[in-house]
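Here's the structure, in structure tokens; my notes come after.
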Amino acid sequence: MIISTLEAYSDPNGRARQVAVANTVELSNLIPPTVSYESRGHVLLIGGQHMITALVSQFSALKSVTLLVHENGRHGGEA
């Protein structure tokens, strides 16, 4: 569909787009976009001290629990 749409344009930008699409190689053998993670028994908790210390007991069966406490306890990208 995109090729037929680009063929309708005769201006220089339309022709440039058509050439770019015609010379594009479709990579169909790539691995699907997936993410996996294996903790191997370790966990890192990041957040305000009150919040993450309350969660520590839930991870007592793991090999290690590491806490990274924010001084101000804020969430996200706030400074």
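The figures here come from the full heavy-atom set of this structure, side chains too, leaving out hydrogens, waters and symmetry mates. All figures in this text were calculated on a predicted structure; none of them were measured in a lab. Index from 1, following the sequence.
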Q. When clusters are formed by joining ILVMFWY residues with side-chain heavy atoms under 4.5 Å apart, either directly or through shared neighbours, do V69 and V56 land in the same one?
A.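 Yes, it is one cluster - the side chains of V69 and V56 are joined through contacts under 4.5 Å.
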(Q) Can you give me the closest heavy-atom contact between V19 and N23, atom names plus distance? (A) O-ND2, 2.9 Å
Q | Least distance between heavy atoms, A54 atom then S57 atom | A | O-OG, 4.0 Å
For residues 61-68, run the donor-acceptor check on the side chains, cut-off 3.5 Å, and write out each pair with its distance to 0.1 Å, sequence neighbours left out.
residue: S64; atom: OG; partner: H42; partner atom: ND1; Å: 2.6

